[in-house]
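First the structure, in the form of structure tokens, and then the observations on it.
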Amino acid sequence: MCLSPGALRKVLTKFLDSRSTLNDYEAHTGAVSACISRNPVSNALQRELDQRHALIIRQFRNLKSAEELEHHWNESLHSGDIAGAFWAGLTHGHCNPALEEQMCRDIHMLQHQAGAEMRDTRNRFALLRKENAALSEELQRAQDKARRMQTEKAEKLEWLETALMRTRADCIAKDTVIASLQAELEELRQSVPDLPSRLQLREQNARLQDRIALLERQNGLFRAAGASIPAATAPLRPLSQSEGRASAPTGAMPVPHPVPADTARVSFEHKMVLCVGGRDGNIAAYRRLIEHVGGQFAHHDGGRQDNLKQLDNSLAAADLVICQTGCISHNAYWRVKEHCKRTGTRCMFVENPSLSSLSKGIEALSALPEPGMQEN
């Protein structure tokens, strides 16, 4: 468990004749027999095991009781690293006979598990060998098929190359015929210099004949239609204004009714008007303009210097919002748009940050009805 067969044989060869050979079983039984008492072989095995598992022995050396030793042994047993832990536990000073018995039982059951795993491994190996043989046969069939296909492709490629050569020869022959025909055509053109103009005149003559026949048919139709029109026809006169209104089509657009003067409009009186963005030099003019129409002015620069968290508070306190879209950040623009859409706050977007554009926007906003009002 703690020393491999190769390492064990290497230790035992130091005490045997150079001509002696031991198999694994003989080395194992000889070492077990030698370890019954203290002798050079058992001392050499002790030193070999201490050197191989020195690190785990140092770890187990700090354990102060049999309970701690048992706990570490169980942890090593679950982790699977049991060779060094088994030797360190057996040689520890706190290893009592009960713990030694338990450790040997655990090792005994592990040997049974190892034997069962070996049987399973052999069974799986047999299955894998069978599967490997089947896959090898399938691979051989696939390789044979690939070789046949390669042979067929090579034969087809040779046939295509032959057909390509014949096609090239036919093209060369056709090019030769075309060249001879072009030479004959050139000779004919030279023998008849005005041949193209004659052909054009013939085509033009045919088109004119078709046009004349069409015009003659139309002229006959017009004459027949003119003979059926009554001689006395009332002259047309312009409609009067009243008749024109009476004969207007029903689908014409109606004239909109004027809006009554007492319809409620947007009022800036005692309204908090928040202006988002704009040029810094125009803020004072913005304030005078808003206060001139009776509103209370508030301003936020749209995220250039002011904190965007302040924008949320300003939007919550505003009754009307004027957004200068050309002078604010994208984040501030979307915050303004989302807040006004969510709360229903009236908002006006102005692209040009000039004072005149703001004044026109306020005039347009003043002409709109208050939310909740309806125009007659």
Side-chain angles (χ1 to χ4, degrees), residues 145-146 148-259 323-327 330 333-334 337 348-354 356-357 359-361 363-364 367-368 375:
K145 183 179 179 180
R148 289 195 301 271
M149 292 179 63
Q150 186 177 5
T151 304
E152 293 175 0
K153 295 295 183 182
E155 294 176 355
K156 186 175 182 180
L157 179 62
E158 183 179 359
W159 179 83
L160 289 175
E161 290 178 351
T162 305
L164 179 61
M165 293 179 63
R166 289 196 299 267
T167 304
R168 288 177 178 175
D170 294 341
C171 289
I172 293 174
K174 291 180 180 179
D175 291 338
T176 304
V177 173
I178 291 173
S180 62
L181 292 176
Q182 287 179 349
E184 293 179 1
L185 178 60
E186 187 64 26
E187 291 179 359
L188 291 175
R189 287 176 178 176
Q190 292 178 1
S191 61
V192 186
D194 56 348
L195 179 61
S197 59
R198 290 183 179 182
L199 295 176
Q200 292 179 359
L201 289 175
R202 181 182 295 177
E203 293 177 0
Q204 185 177 3
N205 186 23
R207 289 195 298 270
L208 290 176
Q209 293 293 335
D210 295 338
R211 179 64 176 171
I212 290 172
L214 177 62
L215 292 176
E216 287 180 352
R217 287 195 298 270
Q218 291 179 353
N219 189 19
L221 293 175
F222 290 153
R223 288 178 179 176
S228 62
I229 296 176
T233 303
L236 296 176
R237 63 180 181 86
L239 295 176
S240 63
Q241 185 176 2
S242 60
E243 292 174 341
R245 286 196 300 267
S247 62
T250 58
M253 294 296 293
V255 178
H257 297 287
V259 179
C323 182
Q324 305 275 4
T325 58
C327 302
H330 292 286
Y333 171 80
W334 289 111
K337 189 171 183 180
M348 179 180 66
F349 293 91
V350 181
E351 295 182 0
N352 191 349
S354 64
S356 60
S357 298
S359 178
K360 293 178 181 179
E363 291 177 0
L368 296 175
E375 293 186 357

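Bear in mind the structure is a predicted one, so any value in this text is a computation, not a measurement.
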> Is Lys174 close to Val177 at the side-chain level, that is, under 4.5 Å between some pair of heavy atoms?
Replying inline: no
>> Using 0.5 Å steps for rounding, measure from the SG atom of Cys323 to the CD atom of Glu351.
In response: 10.5 Å
> Run the side-chain contact (heavy atoms from CB on, under 4.5 Å) check on Arg207 and Asp210 step by step: do they pass?
Replying inline: CA-CA 5 Å; Arg207 289 195 298 270; Asp210 295 338; 5.5 Å; no
> At what distance, to the nearest 0.5 angstrom, does CG of Leu185 lie from CD of Gln190?
Replying inline: 10.0 Å
> If you count the non-hydrogen atoms of other residues, nucleotides and ligands that lie under 6.0 Å from CD in Glu186, is the total more than 12?
Replying inline: yes
>> Applying the side chain to side chain contact (heavy atoms under 4.5 Å, CB included) criterion to Thr151, which one of Arg148, Glu155, Lys153 satisfies it?
In response: Glu155
>> Apply side-chain contact (heavy atoms from CB on, under 4.5 Å) to residues Arg217 and Leu221 and explain how you reach the verdict.
In response: CA-CA 6 Å; Arg217 287 195 298 270; Leu221 293 175; 5.6 Å; no
>> Measuring only between side-chain heavy atoms, which start at C-beta, is Gln204 closer than 4.5 Å to Leu201?
In response: yes
> Once you round to the nearest 0.5 Å, how far does CD1 of Ile172 lie from OG1 of Thr167?
Replying inline: 11.0 Å
> Please walk me through it: do Ser180 and Thr176 pass side-chain contact (heavy atoms from CB on, under 4.5 Å)?
Replying inline: CA-CA 6 Å; Ser180 62; Thr176 304; 5.9 Å; no
